[in-house]
Amino acid sequence: MDISNSVWSSPRDYLKFHAPVNPVMFFSPSALHERALRFLNGFPGLVTYAVKSNPDMTVLQSLVSFGVNAFDVASPVEIQLLRDIAPDAALHYHNPVRARHEIEFARKMGVKSYSVDSVSEFAKLRDILDADGTEISVRFTLPVSGASYNFGAKFGATPEKAAELLRAVAEAGFIPSITFHPGTQCTDAEAWGTYIRAAAGIAGMAGVKIHRLNVGGGFPSRRLPGELDLEAIFGVIRNAAVQAFGDDQPVLVCEPGRAMVSDAFSLAVRVNAIRDGADLFMNDGIYGGLSEQHMIGLTRRMQAFRADGTPLGGPTVGRRLFGPTCDSTDMMPGLIEVPLALGEGDYLVFHSLGAYSTATATRFNGFGDIQLATVGTL
Ligand SMILES: *Cc1c(COP(=O)(O)O)cnc(C)c1O
């Protein structure tokens, strides 16, 4: 991303002045700062940032300047990126399946923490890494709901298999830890409680005292109207760890992606057409900044503006929202309530779009030229 140096007071201000024909992603550094401090001051352990959710340089450098000094990385490119901007940061290579050359690269770059969910991938790590001073976190999964989509479908051993792996990790001389990910945009704090109790059970089954427990990402962003109670989740995590582990307290670690960045960005799209008074066509869609929304539902925090910046309210109507490409899957799920008065040339601003948006956006069909602007408040 290339974020311009001029700072606008709000998206409305920018829209009024520029009347942009391309989608605009607005970034509020102060919103990111506020969120980083909320994690750093509220989470009862080490805060790492999951780089994949938004690997933009400005985001990474801002987080480093706010005091985040540990990162969850998933590829050699992400490792290099972080080594370039924060050479001393702790890197956790928590993609449980990797090619041998990728492990080799991480070792050369001084990465000391890895995750694993299978015997075959643990064998690769053992072949390439020195056990001494290297942490391996065994990733497990449970059939727990509460998240927007299921992360357990791809990664995570069953608790029984995790216990065997944990024992093997400890016996090979690595620093044994446990990790899980409850699934992204998880709004049920109790999911963490369930996972933490299961983690203590796994350590018990293996007869291994674990060094750290990484409670994953999955923390929700403010995609619904109302306040976000991250502190309630932190409280559940703290209490569950105390109750489940007693005197054998592991150091807690979290790795938020979405909840760290999402609410620091909002996307403005322009209405290209209200086709015959019914469907609404936007200048961005699932191949651009709204890439993730068809999987987890469109953010319900949105605002509408006239081209001259006047806020649009009044009676609403449920419309189908389409992106600009010729792909028929380029649409938002369900009917979205928008102001009845919203028409061609007006703007919709979608909030909480800083994660898995620009990171995955494409230029499919010639669209997706997203401009960037810095604002004081969103
Ligand atoms: C993607 C990912 C995260 C971040 O998840 P969010 O739901 O965005 O917080 C954390 N840890 C791992 C291992 C991941 O793959």
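As the structure lists them, so they are numbered: ligands from 1, and atoms in each ligand from 1. Computed from a predicted structure; not experimentally measured. Just the heavy atoms: all of them, side chains too, but no hydrogens, waters or symmetry mates, feed the values below.
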Using a 4.0 Å cutoff against the non-hydrogen atoms of [X], which atoms of ligand 1 qualify?
X    : value
G218 : 5 (O), 6 (P), 7 (O), 9 (O)
A50  : 3 (C), 4 (C), 10 (C)
G257 : 4 (C), 6 (P), 8 (O), 9 (O)

Under 4.0 angstrom from ligand 1, any heavy atom of Y356?
yes
Answer yes or no for A259: is there a heavy-atom contact with ligand 1 below 4.0 Å?
no
Give the contacting part of [X] toward ligand 1: side chain, backbone, both or neither, where contact means a heavy-atom distance below 4.0 Å.
X    : answer
H92  : neither
D72  : side chain
M260 : neither

Report yes or no: do I79 and I85 belong to one cluster of Ile/Leu/Val/Met/Phe/Trp/Tyr joined by side chain heavy-atom distances under 4.5 Å?
yes
Between R258, E255, Q185, which one has a non-hydrogen atom sitting closest to atom 13 (C) of ligand 1?
E255
Between the side chains of S291 and T360, does any donor sit under 3.5 Å from an acceptor?
yes
Short N or O distance, [X] and ligand 1, threshold 3.5 Å exclusive:
X    : result
R139 : no
T184 : yes
G217 : no

Is atom NZ of K124 surrounded by more than 12 heavy atoms (other residues, nucleotides or ligands) closer than 6.0 Å?
yes
Check this for me: D308, atom CG, are more than 12 non-hydrogen atoms of other residues, nucleotides or ligands nearer than 6.0 Å?
yes
Cationic tip of R306 above Y347 ring, under 6.0 Å, 45° of axis
no
Only distances under 3.5 Å count here; give the side-chain donor-acceptor pairs of residues 316-331 to other protein atoms, sequence neighbours excluded, each with its distance to 0.1 Å.
| unit_1 | atom_1 | unit_2 | atom_2 | d |
| --- | --- | --- | --- | --- |
| T316 | OG1 | E337 | OE1 | 2.6 |
| R319 | NH1 | G277 | O | 2.9 |
| R319 | NH1 | A278 | O | 2.8 |
| R320 | NE | D279 | OD1 | 3.3 |
| R320 | NH2 | D279 | OD2 | 3.2 |
| T325 | OG1 | D327 | N | 3.4 |
| T325 | OG1 | D330 | OD2 | 2.7 |
| D327 | OD1 | T329 | N | 2.8 |
| D327 | OD1 | T329 | OG1 | 3.0 |
| D327 | OD2 | Y287 | OH | 2.4 |
| D327 | OD2 | T329 | OG1 | 3.3 |
| D330 | OD1 | I286 | N | 2.8 |
| D330 | OD2 | T325 | N | 3.2 |

Answer with yes or no after comparing the ring centroid distance for F27 and F265 against a 6.0 Å cut-off, counting only values under it.
yes
Salt bridge (Lys or Arg N to Asp or Glu O under 4.0 Å) between K161 and E164, worked out
CA-CA 5 Å; K161 197 168 152 196; E164 282 170 35; over 6 Å; no
